[in-house]
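Heads up, the thing below is written out as structure tokens.
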Amino acid sequence: MNLKHKTGTLYMIPTLLGESDWALVLPATVQKVIAENSHFVVENEKSARKFIKQICPDKIQSSLVLYPLNKHTESKDIPGYLQACMEGQSVGMISEAGCPGIADPGALLVAAAHQKNIAVVPLVGPSSIFLALMASGFNGQKFAFHGYLPIDKSEKRQALKQLEKESQQKVQTQIFMETPYRNDKFLEDMLQTLQATTLLCIACDITLSTEFIKTKSVAQWKKDKISLHHRPTIFLIGSSNESN
């Protein structure tokens, strides 16, 4: 990998999905990039500092220059986060969990980097979405990630029915998630809404010691209940006629 450019590079730095040994989940390149740079665009400053300290314990925290990129960030501020790159220094982007740019605001910074002709380098790391898909047994060639479904019960039920229909008609894996503290209620809504023969994969605590990934029919899940409260979870809908 060429780490030197006339302008700095925007490195997309993956983080852990929970409390675990980083050396078991992340490649050494992540540590190298964090050690060599001081400018970081982060989703959450507190967790980003904790992550950086975990990866590089000797790095001086006061040397870090952190820029917030979350739902409160104004779009007009984002291009300024790349000023260090324009001056020849590299910038790292750190998500709250997993890979930046996937299910978080990171894409806005990447788009700005491309407009400024700044090299963007994605580093290898865990993505709960793709790890769940890999372990589901569902179609990995045709899939769609929908993020969070509506909170309103009737709208949520309609959305689930539509995803179930698309999964069956298109032989397409449907992937979505819920806020961890609402997981149990969300699972109950799914079991009441989806057809008994529909296949549902539940993947929670991915890469952690409590990891649980299992694919069963809705009818089977009704018999074998599981508690998902406060456990980061990915849900996937597949159909019994899938062919990868």
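With sequence neighbours excluded, no residue satisfies ring-ring contact (aromatic ring centres under 6.0 Å, His included) with Phe130.
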Side chain to side chain contact (heavy atoms under 4.5 Å, CB included) evaluation trace for Leu200 with Met190: CA-CA 9 Å; Leu200 172 66; Met190 281 193 289; 4.1 Å; yes
Worked check of side chain to side chain contact (heavy atoms under 4.5 Å, CB included) between Val110 and Leu10: CA-CA 8 Å; Val110 174; Leu10 175 60; 4.2 Å; yes
Stepwise side chain to side chain contact (heavy atoms under 4.5 Å, CB included) test for Tyr81 and Met93: CA-CA 10 Å; Tyr81 292 174; Met93 176 164 48; over 6 Å; no
Ser75/Leu108 under side chain to side chain contact (heavy atoms under 4.5 Å, CB included): CA gap, chis, key distance, verdict: CA-CA 8 Å; Ser75 57; Leu108 297 174; 5.8 Å; no
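Counting non-hydrogen atoms of other residues, nucleotides and ligands closer than 6.0 Å to NZ of Lys214 gives a total of 12 or fewer. Around NZ of Lys165, the count of heavy atoms belonging to other residues, nucleotides or ligands within 6.0 Å does not exceed 12. For CD1 of Ile226, the number of neighbouring non-hydrogen atoms (other residues, nucleotides, ligands) closer than 6.0 Å is greater than 12. With a 6.0 Å radius and a threshold of 12 heavy atoms from other residues, nucleotides or ligands, Asp21 has its CG atom above the threshold. Other residues, nucleotides and ligands contribute at most 12 non-hydrogen atoms within 6.0 Å of the CD1 atom of Ile60.
Under the 3.5 Å distance criterion, the side-chain polar atoms of Asp104 are matched with a main-chain donor or acceptor of Gly101. Asp205 places no side-chain N or O within 3.5 Å of a backbone atom of Leu208 that could act as its donor or acceptor partner. Formation of a donor-acceptor pair under 3.5 Å by the Ser167 side chain with backbone atoms of Glu164 is not found in this model. Between the side chain of Lys216 and the main chain of Leu199, no donor-acceptor pair closer than 3.5 Å is present. The backbone N or O of Thr193 lies less than 3.5 Å from a partner atom in the side chain of Lys161, making a donor-acceptor pair. Proximity of a side-chain donor or acceptor of Arg231 to a complementary backbone N or O of Pro180 within less than 3.5 Å is not detected. A donor-acceptor pair under 3.5 Å links the side-chain atoms of Ser136 to the main chain of Phe138, judged by distance alone. Ser217 places a side-chain N or O within 3.5 Å of a backbone atom of Gln220 that can act as its donor or acceptor partner. The main-chain N or O of Ile52 is never found under 3.5 Å from a side-chain atom of Lys59 such that the two would form a donor-acceptor pair.
Here SG of Cys204 is found 8.5 Å from CD1 of Ile213. Values are rounded to the nearest 0.5 Å. From Ser95, atom OG reaches atom CG of Leu16 across 11.5 Å, with rounding to the nearest 0.5 Å. Annotation: the span from Ile78 atom CD1 to Tyr67 atom OH amounts to 13.5 Å, rounded to 0.5 Å. Note that CD1 of Ile94 and CZ of Arg49 are 10.5 Å apart. Values are rounded to the nearest 0.5 Å. Leu64 contributes atom CG, which lies 10.5 Å from atom CG of Asn37 (distance to the nearest 0.5 angstrom). Thr15 contributes atom OG1, which lies 9.5 Å from atom CD1 of Ile34 (distance to the nearest 0.5 angstrom).
Linking Ile, Leu, Val, Met, Phe, Trp and Tyr whenever their side-chain heavy atoms come within less than 4.5 Å leaves Tyr11 and Val120 in two separate clusters. When the side chains of ILVMFWY residues are joined at heavy-atom separations under 4.5 Å, either directly or via intervening members, Tyr181 and Phe212 end up in two distinct hydrophobic clusters.
The heavy-atom pair separating Thr9 from Ala119 by the smallest distance is CG2-O, 3.4 Å. Smallest separation of non-hydrogen atoms from Cys85 and Val91: SG-CG2, 3.6 Å. When all heavy atoms of Phe145 and Met177 are compared, the pair lying nearest together is CZ-SD, 3.6 Å. In plain terms, the two heavy atoms of Met12 and Pro14 that are nearest each other are O-CD, 3.5 Å. Between Leu26 and Gly125, the closest heavy-atom pair is CD2-CA, 4.1 Å. When all heavy atoms of Arg157 and Gln192 are compared, the closest pair comes out as NH1-O, 3.9 Å.
Residues Gln195 and Gln168 have side chains in contact (heavy-atom distance under 4.5 Å, counting atoms from C-beta outward). Between Asn117 and Thr7 there is no side-chain heavy-atom pair separated by less than 4.5 Å. In this structure the side chain of Leu228 reaches within 4.5 angstrom of the side chain of Phe235, judged on heavy atoms. Within the 4.5 Å cutoff, no side-chain heavy atoms of Glu45 are placed close to those of Pro68. For the pair Leu82/Leu109, a side-chain contact is recorded, criterion being any heavy-atom separation below 4.5 Å from C-beta on. In this structure the side chain of Thr233 never reaches within 4.5 angstrom of the side chain of Leu187, judged on heavy atoms. Counting only heavy atoms from C-beta outward, the side chains of Thr73 and Pro105 never approach each other to under 4.5 Å. Side-chain contact between Trp221 and Ile202 is present, with at least one heavy-atom pair separated by less than 4.5 Å.
The residues Lys185 and Asp189 are annotated as salt-bridged, a charged nitrogen and a carboxylate oxygen being separated by less than 4.0 angstrom. Ion pair Glu19/Lys50 flagged as a salt bridge, since at least one NZ, NE, NH1 or NH2 atom sits closer than 4.0 Å to an Asp/Glu carboxylate oxygen.
Donor-acceptor pairing under 3.5 Å is recorded for the side chains of Gln174 and Gln172. Between the side chains of Gln158 and Gln162, no donor N or O sits under 3.5 Å from an acceptor N or O. A side-chain N or O of Ser47 and one of Glu96 form a donor-acceptor pair less than 3.5 Å apart. Checking Thr173 against Asn139 by side-chain atom types alone, no donor-acceptor pair falls below 3.5 Å.
Ring orientation note: the planes of Phe176 and Phe186 are nearly perpendicular, at an angle over 60° on the 30°/60° scale.
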